[in-house]
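Keep in mind that what you see is a predicted model, and the values were worked out from it rather than measured. Chain A is the first sequence line, chain B the second, and so forth, proteins listed ahead of strands; every chain is numbered from 1.
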2 protein chains.
Amino acid sequence: MKKKEKTCPEETTCSVDYAFKRIGGKYKGRILWYLHEHSILRYGELSRTMPDITTKMLTQTLRELEADNLIQRKVYHEVPPKVEYTLTEVGQELIPFIQYLKDWGDKQIEKEQVKTI
Amino acid sequence: MKKKEKTCPEETTCSVDYAFKRIGGKYKGRILWYLHEHSILRYGELSRTMPDITTKMLTQTLRELEADNLIQRKVYHEVPPKVEYTLTEVGQELIPFIQYLKDWGDKQIEKEQVKTI
DNA sequence: CAGGATCCGTTCTGATACTG
DNA sequence: CAGTATCAGAACGGATCCTG
């Protein structure tokens with residue numbers, strides 16, 4: 001219908017935008033983080049780790065991360081089925097920065113709690 | 001209606017989630033980045049820097065960033081009005097990570113272009 | 001200049017039920 | 001176990017017009 005190409009004209013710094021699109025989803029950060037903490041997780045484990053995400057969103061988010069080559073999906077064709085998720089190398093590259101973000105978040109949360117008291 | 005407290009049970013790492021909520025908006029990363037690059041920007045300057053954002057979204061996003069104490073809004077009560085935005089200290093703390101993210105994004109974009117050729 | 005207010009379509013999320 | 005399918009409501013985003 002309409003052009004969507006003008007999100008960022010030509011040269012400028014849309015890599016910021018680019019990156020945020022890839023990890024900015026509602027659950028992406030957490031999924032990446034949990035995969036980092038556990039190295040390898042099955043679908044059900046992820047689901048239990050994040051009880052607030054529905055199967056639909058979890059699947060959808062995992063597929064997006066996979067499409068962006070941040071995680072790897074390994075299917076075992078057996079009964080019952082088994083699927084394992086791991087970070088790709090590209091995904092690993094994001095960990096230090098998520099760590100930074102997490103530390104920042106921790107700090108802010110502490111601050112807020114101090115104020116609340 | 002329903003409890004929203006269970007986003008992250010008790011102890012765990014929801015700081016990741018916390019942080020993403022604060023900077024994960026569609027334009028937040030870019031706004032922070034531009035404020036970092038220019039130190040101080042007026043409303044109209046931001047608007048011109050990001051032609052793809054409407055006044056509504058720009059205002060809304062700026063207010064959110066302000067509420068989260070990532071940017072500071074300084075109003076000059078004169079005619080015509082003048083409003084300046086700057087990063088707060090807390091906002092500054094996010095710059096290294098946005099820088100990291102940007103670098104990562106640049107790298108990925110390059111990779112994709114190589115493949116496309 | 002720097003927005004505020006409305007209207008409205010699209011996208012995103014969630015609840016629920018079902019399947020190989 | 002690891003999803004898929006469907007539907008509906010909520011949130012998001014944009015266009016347009018208005019104001020101190």
Side-chain angles (χ1 to χ4, degrees), chain A residues 1-9 14 17 20-31 34-35 38 40-68 71-86, chain B residues 1-8 17 20-31 34-35 38 40-68 71-86:
Chain A
M1 295 306 162
K2 50 191 160 179
K3 303 185 209 166
K4 289 212 54 186
E5 319 304 325
K6 301 293 289 178
T7 310
C8 233
C14 295
D17 206 43
F20 267 104
K21 279 187 183 136
R22 264 142 202 85
I23 58 163
K26 186 167 177 181
Y27 306 103
K28 290 187 178 175
R30 276 160 71 197
I31 291 178
Y34 292 134
L35 281 177
H38 299 275
I40 184 167
L41 284 171
R42 295 181 58 174
Y43 184 91
E45 294 175 320
L46 275 167
S47 189
R48 261 170 276 121
T49 308
M50 316 200 295
D52 59 315
I53 183 172
T54 60
T55 68
K56 178 192 167 185
M57 288 312 298
L58 180 54
T59 302
Q60 182 179 311
T61 308
L62 288 169
R63 292 296 142 81
E64 286 174 17
L65 290 170
E66 190 191 0
D68 286 334
I71 66 173
Q72 187 165 21
R73 178 167 179 264
K74 183 170 184 183
V75 183
Y76 294 82
H77 292 286
E78 50 186 56
V79 180
K82 174 175 166 186
V83 179
E84 289 177 344
Y85 293 93
T86 52
Chain B
M1 296 303 164
K2 50 193 160 178
K3 304 184 207 167
K4 287 214 56 187
E5 319 305 324
K6 302 293 289 179
T7 309
C8 234
D17 205 43
F20 267 103
K21 280 188 183 135
R22 266 143 200 83
I23 59 163
K26 187 167 178 184
Y27 307 102
K28 289 187 178 176
R30 277 160 70 199
I31 290 178
Y34 292 134
L35 280 178
H38 299 275
I40 184 168
L41 284 172
R42 295 182 58 177
Y43 183 90
E45 292 174 321
L46 274 166
S47 189
R48 261 169 277 122
T49 309
M50 317 199 298
D52 58 315
I53 184 173
T54 60
T55 68
K56 176 190 169 186
M57 289 312 300
L58 180 55
T59 301
Q60 183 180 310
T61 308
L62 287 170
R63 293 296 142 83
E64 287 174 18
L65 290 170
E66 191 191 358
D68 287 333
I71 65 172
Q72 186 167 22
R73 180 166 178 265
K74 183 169 184 185
V75 183
Y76 293 82
H77 291 287
E78 49 186 56
V79 182
K82 174 176 166 185
V83 178
E84 289 178 344
Y85 293 93
T86 52

Distance check, rounded to the nearest 0.5 Å: B/Leu35 atom CG versus B/Thr49 atom OG1? 9.0 Å

Take the protein atom NZ of B/Lys21 and the nucleotide atom P of C/dC12, then report the distance between them rounded to whole Å. 18 Å

Report each atom pair, protein N/O against N/O of nucleotides 9-12 of chain D, whose distance is under 3.5 angstrom.
none

Spacing between B/Leu58 atom CG and D/dG13 atom C1', to the nearest angstrom: 13 Å

Numerically ordered, the residues 41-50 of chain B set in heavy-atom contact under 4.0 Å with DNA chain D is none

Axis-to-axis angle across the helix from C/dC1-D/dG20 to C/dG20-D/dC1, five pairs an end, to 10 degrees? 60°

In terms of heavy-atom contacts, B/Thr61 and B/Lys28 come closest through CG2-CG, 3.5 Å

Mind checking B/Tyr76 for me? I need base, sugar-phosphate or nothing, with any heavy atom below 4.0 Å counting as a touch. nothing

What residues form a salt bridge (Lys or Arg N to Asp or Glu O under 4.0 Å) with A/Lys82, not counting sequence neighbours? A/Glu84

Rounded to the nearest 0.5 Å, what's the gap from OH on B/Tyr27 to OH on B/Tyr34? Could you check? 12.0 Å

The side-chain contact (heavy atoms from CB on, under 4.5 Å) partners of A/Thr86 (sequence neighbours excluded) come to A/Ile40, A/Gln72

Regarding A/Arg30 and A/Asp52, does a basic nitrogen lie under 4.0 Å from an acidic carboxylate oxygen? yes

Which residues pass the side-chain contact (heavy atoms from CB on, under 4.5 Å) test with B/Thr55, sequence neighbours left out? B/Tyr43

Rounded to the nearest 0.5 Å, how far apart are CD of A/Gln60 and CG of A/Leu62? 10.0 Å

By salt bridge (Lys or Arg N to Asp or Glu O under 4.0 Å) - contacts of B/Arg22 (at least two apart): B/Asp68

Grab the NE2-P distance between A/His77 and D/dA2 for me, whole Å please. 13 Å

Could you tell me the separation between the CD1 atom of B/Ile53 and the P atom of D/dG13, rounded to a whole number of Å? 9 Å

If you restrict it to nitrogen or oxygen atoms, what contacts under 3.5 Å exist between nucleotides 15-20 of chain D and the protein, and what is each distance?
none

About how many Å separate CZ of A/Arg63 and CG of A/Leu58, when rounded to the nearest 0.5 Å? 9.5 Å

What is the distance, to the nearest angstrom, from the CG atom on B/Leu62 to the C1' atom on C/dG4? 14 Å

Rounded to whole angstroms, how far apart are CZ on B/Arg73 and C1' on C/dA2? 8 Å

B/Met50 and B/Ile31 have their tightest heavy-atom pair at CE-CG1, 3.3 Å

Counting the atoms with a prime plus P, OP1 and OP2 as sugar-phosphate, which does B/Tyr27 contact under 4.0 Å by heavy atoms, base, sugar-phosphate, or nothing? sugar-phosphate

In whole angstroms, how far is the P atom of C/dT11 from the CD atom of A/Glu64? 13 Å

Set of residues satisfying side chain to side chain donor-acceptor pair (under 3.5 Å) with respect to B/Arg73, sequence neighbours excluded: B/Tyr85

Looking at residues at least two apart in the chain, or sitting in another chain, which of them share a salt bridge (Lys or Arg N to Asp or Glu O under 4.0 Å) with B/Glu45? none

OP1 or OP2 of C/dG3 sitting under 4.0 Å from any side-chain N/O of B/Arg63? yes

Rounded at 0.5 Å granularity, tell me how far CD in B/Glu64 sits from CE in B/Met57. 7.0 Å

